[in-house]
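Structure, as structure tokens:
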Amino acid sequence: MFKHLAIQSGVSLERLASLCEVAEAGSIGQASRGDANRQSLLSRQIAELEAVFGVALLARQSRPFRLTPEGRELVQAARQFFQVADDLQRRAENAAQRVLIGAGETLIQWLLFPACEAIQRQAGKVVFTFKNLDSSRLIEALKQGEIDVALIRREDVTPSLAHTDSWAYAQAAFVPRVLSRSATVLKVEELAALPWAVLEGQGHFRQFLETKARESGIKLNAVLECSSYTQVAMAVQTGRYAGFLPEFAKNAAFAGNSSVIQRPLEKGLRYDRSLVLAWREASVRNRAFLEKVIEALRVRIGKCL
């Protein structure tokens, strides 16, 4: 069945691995990391693959060169082969299986780290690798087989992906006691009264808060901008800023910290989100052990949420 392809001189595992490396890095230049000889080798190997398959694998009209749809298709097939072969070798050596999980940095630190640590303590034989990616990149990485599982917002899941039932969570206000000793529901007026550490940019939640403040004739007192929720939590711990964080931050970032008070938001400020674990069905079909790993993750994350 594969004999004709297997005897072609331009096809080899090394060439296919190089194509996957270019796909992972984003371009030949990034994959070569400034090494001119490596860049030349990668270019030549991909050209040899193109000669065998009779299609362009790189869109050379773009700068830097990007994979064509045919290139992405071949990469997806090659990754699947390499992953299955790696699984086989690991089983033969009685070594731990490797699982790649994608999520945002906050979810990795506050939900996935504890869940994966518990799984390893209980079952072992699994090595977890985490990739910090934004939502759009997570979806693409799943589809292309770059990662096995992703923890993402429910609304970001596309029809081609399988997913767990969703976990709902709300935003909460975390306030140092030195700024406010009240543990009551935070009202909209306090958006202007307290010094807030917020996420930079114009994300959905920040726009929501600014709109609510504006409707009440006040302005959100955003005195510190951070690039992640973990940074917001660190700012709150200094005692100089209040911060809006997912409610599960109480046990993740402030466990045992009595100097920070969690305050729920009044009804008009309530902001709910939901998370799911998502994956490709093909990944589970080719790597049966993933089903057990996903189920273990579902149970552990559910306990955190």
Side-chain angles (χ1 to χ4, degrees), residues 1-33 38-90 97-103 129 131-150 152 156-163 277-291 293-294:
M1 182 177 179
F2 307 113
K3 185 175 181 181
H4 175 71
L5 181 61
I7 63 175
Q8 297 293 310
S9 62
V11 177
S12 68
L13 294 181
E14 182 184 0
R15 291 177 177 86
L16 291 172
S18 292
L19 182 64
C20 292
E21 185 179 351
V22 170
E24 182 84 11
S27 69
I28 289 178
Q30 289 173 302
S32 62
R33 297 180 290 277
R38 178 67 177 161
Q39 184 168 344
S40 177
L41 174 63
L42 292 174
S43 297
R44 177 172 56 79
Q45 289 179 324
I46 292 176
E48 289 167 346
L49 286 172
E50 290 175 322
V52 171
F53 288 100
V55 295
L57 302 176
L58 288 179
R60 290 175 172 78
Q61 68 275 15
S62 64
R63 291 292 185 276
F65 295 164
R66 302 293 184 185
L67 291 177
T68 63
E70 292 80 8
R72 289 194 295 272
E73 184 177 354
L74 183 57
V75 164
Q76 187 172 346
R79 279 201 186 106
Q80 182 175 307
F81 167 77
F82 285 125
Q83 186 61 74
V84 172
D86 183 66
D87 289 345
L88 177 61
Q89 183 179 37
R90 286 172 179 269
Q97 299 285 10
R98 185 165 174 255
V99 179
L100 278 75
I101 307 179
T129 299
K131 290 203 170 186
N132 175 18
L133 302 169
D134 61 32
S135 296
S136 60
R137 186 70 185 88
L138 278 171
I139 297 298
E140 184 64 21
L142 274 177
K143 291 179 178 178
Q144 294 300 318
E146 295 177 33
I147 58 176
D148 299 310
V149 189
I152 55 178
D156 293 332
V157 177
T158 61
S160 64
L161 298 173
H163 61 85
L277 286 169
W279 65 93
R280 288 192 313 142
E281 289 283 12
S283 296
V284 174
R285 285 197 302 269
N286 293 320
R287 309 177 71 202
F289 77 93
L290 276 179
E291 187 171 5
V293 172
I294 291 169

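Note that these values count all heavy atoms, side chains included, but never hydrogens, waters or copies made by symmetry.
Leu67 has its side chain within reach of Val75: a pair of non-hydrogen atoms, C-beta onward, lies under 4.5 Å apart. The side-chain heavy atoms of Leu57 and Leu74, taken from C-beta on, include a pair separated by under 4.5 Å. In this structure, the side chains of Leu290 and Trp279 stay at 4.5 Å or more apart for every pair of heavy atoms. Using a 4.5 Å heavy-atom cutoff, the side chains of Ile101 and Lys131 are not in contact. With a 4.5 Å cut-off on side-chain heavy atoms, Glu291 and Ile294 do not count as touching. Residues Leu42 and Val22 meet the side-chain proximity criterion, which asks for heavy atoms closer than 4.5 Å. A heavy-atom distance below 4.5 Å is found between the side chains of Thr158 and Lys143.
Between the side chains of Arg15 and Ser18, no donor N or O sits under 3.5 Å from an acceptor N or O.
Remark: Glu24 CD is packed, more than 12 non-hydrogen atoms of other residues, nucleotides or ligands lying under 6.0 Å away. Within a 6.0 Å sphere centred on CD of Glu73, heavy atoms belonging to other residues, nucleotides or ligands number 12 at most. For Arg98, the CZ atom counts as loosely surrounded, since its 6.0 Å shell holds 12 or fewer non-hydrogen atoms of other residues, nucleotides or ligands.
Glu50 pairs by the salt bridge (charged side-chain N to carboxylate O under 4.0 Å, His left out) definition with Arg60, not counting sequence neighbours.
Summarising the geometry of Arg79 relative to Ala23, their closest heavy-atom pair is NH2-CB, 3.7 Å, with the distance given to 0.1 Å. Listed here is the closest heavy atom pair of Leu133 and Arg137: CD2-CG, 3.7 Å. The minimum heavy-atom distance linking Ser43 with Ile28 is given by the pair OG-CD1, 3.6 Å.
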Evaluate the criterion side chain to side chain contact (heavy atoms under 4.5 Å, CB included) for residue pair Leu161 and Arg280; output intermediate values, then yes/no. CA-CA 5 Å; Leu161 298 173; Arg280 288 192 313 142; 3.9 Å; yes
Would Ile147 and Val99 count as a side chain to side chain contact (heavy atoms under 4.5 Å, CB included) if you check the C-alpha gap in whole Å, the side-chain angles of each, and the deciding distance to 0.1 Å? CA-CA 8 Å; Ile147 58 176; Val99 179; over 6 Å; no
Go through the steps for Phe81 and Leu16 under the test side chain to side chain contact (heavy atoms under 4.5 Å, CB included), then give the verdict. CA-CA 10 Å; Phe81 167 77; Leu16 291 172; 6.0 Å; no
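Separating the CG atom in Leu58 from the CG atom in Leu19 is a distance of 7.5 Å, to the nearest 0.5 Å. Residue Leu100 holds its CG atom at 9.5 Å from CD of Glu146, rounded to the nearest 0.5 Å. Distance OG/Ser283 to CD/Gln83: 8.5 Å, rounded to 0.5 Å. Distance check: Ile152 CD1 to Leu277 CG gives 9.0 Å after rounding to the nearest 0.5 Å. Considering CZ of Arg72 and CD of Gln76, their distance stands at 10.5 Å, rounded to 0.5 Å. Interatomic distance, NE2 of His163 versus CG of Leu142, reported as 12.5 Å (0.5 Å rounding).
Using a 4.0 Å cut-off between charged side-chain N and carboxylate O, Arg38 and Glu21 make a salt bridge. Taking a cutoff of 4.0 Å between a charged side-chain nitrogen and a carboxylate oxygen, Glu48 and Arg44 qualify as a salt bridge.
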